[in-house]
2 protein chains.
Amino acid sequence: MRTLDHPSKDEMRLDTVLAALADPVRRTVACKLNDAFGDHACATFELPVSKSTATYHFRTLREAGVIRQEYEGTKIMNTLRKDDLDARFPGLLDAVFAAQDIEKPTS
Amino acid sequence: MRTLDHPSKDEMRLDTVLAALADPVRRTVACKLNDAFGDHACATFELPVSKSTATYHFRTLREAGVIRQEYEGTKIMNTLRKDDLDARFPGLLDAVFAAQDIEKPTS
DNA sequence: TTGGTAGTACGAAATTCATCGTAGTAAAGT
DNA sequence: ACTTTACTACGATGAATTTCGTACTACCAA
């Protein structure tokens, strides 16, 4: 079974988290994970980039600690590490999501 | 009299603000402005970079809308645009400062 | 076992970023 | 008028980021 490395809560760095969330493609992923229910395989995000670029962005988010990635068959299921991030940097994620919604309101 | 360009509140972009705050040197500047009283000329920050690099970071912060820069004689006085940022992206700045303090507690 | 699915790894190219030194400028001090 | 101060502009450089295509792999399904 394939597994992927994730930083522990304590290993999360503010530099890295902010840099991860500064990119619009990655912020879109994080926001969608925050809003949505159900399945979140990488392919379901319809990002405006190629498949290999998408892989890069998902890896960047995972290595920053923003998302968790777990294999499920050939797919990778992505979830937001909201609890861990809230514990490490309280209020940060919510402020970013709120800011995103102000700038680009959803529907 | 020399003046410098600043984005209006509405021109502030989340991408740019987050990218500005993702850099440790720039985040240090913003945090110090948030904490301190009195004079804040560029030279008072004792950053671990050369003078020309410091100029670059201050300009990046100004163009993102994070700080305001105004000439006063040969000096430039820097202030945090807290009110504007709070109005545009409520809670964001405070969350970042709180996170910074968790990661690198002041004194 | 053959084929499809969902993603990764790798290498390359383009762009942006962070850094610096040098030279210059505007204002203030003497 | 000259010097000092505090900063900027410019050009260069190296590092990091973002992008992509191609080739590959692990797993599942028929």
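So that the names make sense, note that chain A is the first sequence line, chain B the second, and so on, each numbered from 1. It should be emphasised that the depicted structure is a prediction, and the values quoted were computed from it without experimental measurement.
Rounded to an integer number of Å, the gap from CG of A/Asp15 to C1' of D/dT17 is 15 Å. At whole-Å resolution of the value, CG in A/Asp5 and P in C/dT8 are 14 Å apart. At whole-Å resolution of the value, CG in A/Leu61 and P in C/dT8 are 12 Å apart. What separates CD of B/Gln69 from P of D/dC7 is a distance of 9 Å, to the nearest Å. The interatomic distance linking B/Leu47 (CG) with C/dA18 (C1') rounds to 13 Å, in whole Å. With rounding to whole Å, A/Asp23 atom CG is found 13 Å from C/dT16 atom P. A/Leu4 places its CG atom 17 Å from the P atom of C/dA6, with the value rounded to the nearest Å. When rounded to the nearest whole Å, the span between OH of A/Tyr71 and P of D/dA26 equals 10 Å.
Of the candidates C/dG7, D/dT19, C/dA18, the closest approach to any side-chain atom of A/Ala43 belongs to C/dG7. Closest approach to the A/Ile76 side chain among C/dT22, D/dC7, C/dT8 is made by C/dT8 (side chain taken as heavy atoms from C-beta onward).
The phosphate of C/dT19 (OP1 or OP2) has a side-chain N or O of B/His57 nearer than 4.0 angstrom. For D/dC7, the OP1/OP2 oxygens have no side-chain nitrogen or oxygen of B/Arg2 closer than 4.0 Å.
The main-chain N or O of B/Met12 is never found under 3.5 Å from a side-chain atom of B/Thr16 such that the two would form a donor-acceptor pair. Between the side chain of B/Arg68 and the main chain of B/Arg81, no donor-acceptor pair closer than 3.5 Å is present.
Between B/Thr53 and A/Lys51, the residue anchored closer to the 5' end of DNA chain C is A/Lys51, taking for each the nucleotide with the nearest heavy atom. Each of A/Arg59 and B/Ala54 has a nearest nucleotide on DNA chain C; the 5'-most of these lies closest to A/Arg59.
In this model, no side-chain donor or acceptor of A/Thr55 finds a partner on the base of C/dG7 within 3.5 Å. For C/dG7, the base has no donor-acceptor partner in the side chain of A/Thr74 [N/O atoms by modelled type, under 3.5 angstrom].
Nucleic acid contact class of B/Val25 (heavy atoms, under 4.0 Å, all strands): none.
Taking 4.0 Å as the cut-off between side-chain N and carboxylate O, A/Lys82 and A/Asp94 count as a salt-bridged pair.
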Q: Quick one: do B/Arg62 and B/Asp5 satisfy salt bridge (Lys or Arg N to Asp or Glu O under 4.0 Å)? Show the steps, please.
A: CA-CA 8 Å; B/Arg62 172 171 51 81; B/Asp5 275 349; over 6 Å; no

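In the model, B/Ser50 has a side-chain atom that pairs as donor or acceptor with a side-chain atom of B/Thr53 under 3.5 Å.
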